[in-house]
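Just so it is clear: chains get the letters A, B, ... in the order the sequence lines come, proteins before strands, and each one is counted from 1. Just so we're clear, the structure is a prediction, and the values are computed from it rather than from any experiment.
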Amino acid sequence: DTAVSQTPKYLVTQMGNDKSIKCEQNLGHDTMYWYKQDSKKFLKIMFSYNNKELIINETVPNRFSPKSPDKAHLNLHINSLELGDSAVYFCASSSRTNSYEQYFGPGTRLTVT
Amino acid sequence: EDQVTQSPEALRLQEGESSSLNCSYTVSGLRGLFWYRQDPGKGPEFLFTLYSAGEEKEKERLKATLTKKESFLHITAPKPEDSATYLCAARSNDYKLSFGAGTTVTVRA
C-alpha cells in the first residue's frame with residue numbers, strides 16, 4: 001500500500017544517454033515535487049507541480065524536463081546525462097489542504113559513468 | 001536567500017542519554033518548520049510541522065520546539081531504533097521547502 005512510489009530504484013547509465021524516472025502517488029495529493037540529494041546529503045528542490053501546472057522551477061539545466069500527465073504522476077526526463085547528475089532523486093507529494101506536509105518516495109539512485 | 005543550518009552534523013549517544021538537535025533558519029515569511037527522519041537508502045519520513053514561536057509537538061521520545069530563529073528536536077531516553085538522520089526544513093512564503101544538511105544520530109545499546 002505504497003503512498004509515493006518511484007521507478008526505477010537504481011539507474012546506472014553512461015554519459016550522454018537519456019533516461020526517465022517515474023513517480024506515482026496514491027494519497028490524493030494535488031502537488032508533487034522532484035528533489036535532488038547530493039553526496040553531502042543536501043536535499044534541493046528542482047521542480048513542483050500543482051494540478052499538472054508547473055509552480056516551482058529552480059535553476060536546473062534544461063536537460064531536465066518534468067512532465068505531469070495527471071495529478072497523481074510526475075515524471076522526470078533527463079537528456080544527455082553528465083557525471084554531475086549522479087545523485088539520489090526523490091519524488092514527494094503534498095496537499096494544500098494539509099499544511100503542505102510533504103511525503104517522500106523511496107528515491108532513485110542515479111549513477112552516471 | 002533562505003538558509004537552514006543544522007547542528008551538530010553527527011551525534012553519538014548512549015541508549016537512554018537524552019540530547020537535543022538544533023536547526024537555525026533564515027527564511028522570508030516562514031510558513032512552517034518541518035522535521036523529517038531519514039534512514040539509510042530511504043526517503044525522508046515526515047515527523048512534525050511547527051508554525052509559530054512557542055509551539056511544541058511530541059511523538060514518542062521526540063519533541064520539537066520552535067522559536068523565532070531556531071527549532072530544537074529533543075530526543076528523550078533514546079533507543080537504538082532512533083538512530084537515523086534528522087532533517088529540518090523551512091517553508092517560505094513562495095512554497096519552497098529549504099532543507100538543512102541533517103544531523104546523523106547514532107544510539108548505542
Can you check whether anything in residues 101-109 of chain B gets within less than 4.5 Å of chain A, heavy-atom wise, and list it by number? B:Ala101

Top residue by heavy-atom pair count (under 4.5 Å) with chain A, among B:Ser98, B:Pro44, B:Gly43?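 With the most close heavy-atom pairs to chain A, the winner is B:Pro44.
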
Proximal component of A:Gln37, with respect to chain B [non-hydrogen, under 4.5 Å]: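 Just the side chain, heavy atoms under 4.5 Å.
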
Atom group of A:Lys44 that falls short of 4.5 Å from chain B, counting heavy atoms: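 Neither part.
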
Give a yes or no on whether [X] and [Y] share a hydrophobic cluster (residues Ile, Leu, Val, Met, Phe, Trp, Tyr; joining criterion: side-chain heavy atoms under 4.5 Å apart).
X	Y	answer
A:Leu54	A:Val60	yes
A:Leu74	A:Ile45	no
A:Phe42	A:Met46	no
B:Phe34	B:Tyr25	no
B:Leu97	B:Leu33	no

Taking atom [atom1] of [X] as the centre, does the number of heavy atoms from other residues, nucleotides or ligands within less than 6.0 Å exceed 12?
X	atom1	answer
B:Glu81	CD	yes
B:Glu15	CD	yes
B:Lys42	NZ	no
B:Glu17	CD	yes

Check the pair B:Tyr36 / A:Gln102 against side-chain contact (heavy atoms from CB on, under 4.5 Å), numbers first and verdict last. CA-CA 10 Å; B:Tyr36 286 84; A:Gln102 294 185 19; 3.4 Å; yes

Search all heavy atoms of B:Phe99 against all heavy atoms of A:Tyr35 and return the closest pair with its distance.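 Where B:Phe99 meets A:Tyr35 most closely, the heavy atoms are CE1-CE2, 3.7 Å.
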
Return the orientation label for the A:Tyr103 and B:Phe46 ring planes: parallel under 30°, perpendicular over 60°, tilted otherwise. tilted

Using a 4.5 Å cut-off on heavy atoms from C-beta on, say whether the side chain of A:Phe104 contacts that of B:Glu45. no

Donor-acceptor pairs under 3.5 angstrom involving side-chain atoms of residues 81-93 of chain A: please list them, not counting sequence neighbours.
from	atom 1	to	atom 2	distance (Å)
A:Asp85	OD1	A:Arg63	NH2	2.9
A:Asp85	OD2	A:Arg63	NH1	2.8
A:Asp85	OD2	A:Arg63	NH2	3.2
A:Asp85	OD2	A:Glu82	N	2.8
A:Ser86	OG	A:Leu83	O	3.1
A:Ser86	OG	A:Val112	N	2.8
A:Tyr89	OH	A:Asp85	O	2.6
A:Ser93	OG	A:His29	ND1	2.8

Is chain A contacted by the side chain of B:Gln38, its backbone, both, or neither, given a heavy-atom distance below 4.5 Å? side chain

With side-chain contact (heavy atoms from CB on, under 4.5 Å) as the test, would you mind laying out the steps for A:Leu43 and B:Leu87 before giving the verdict? CA-CA 9 Å; A:Leu43 267 167; B:Leu87 299 170; 3.9 Å; yes

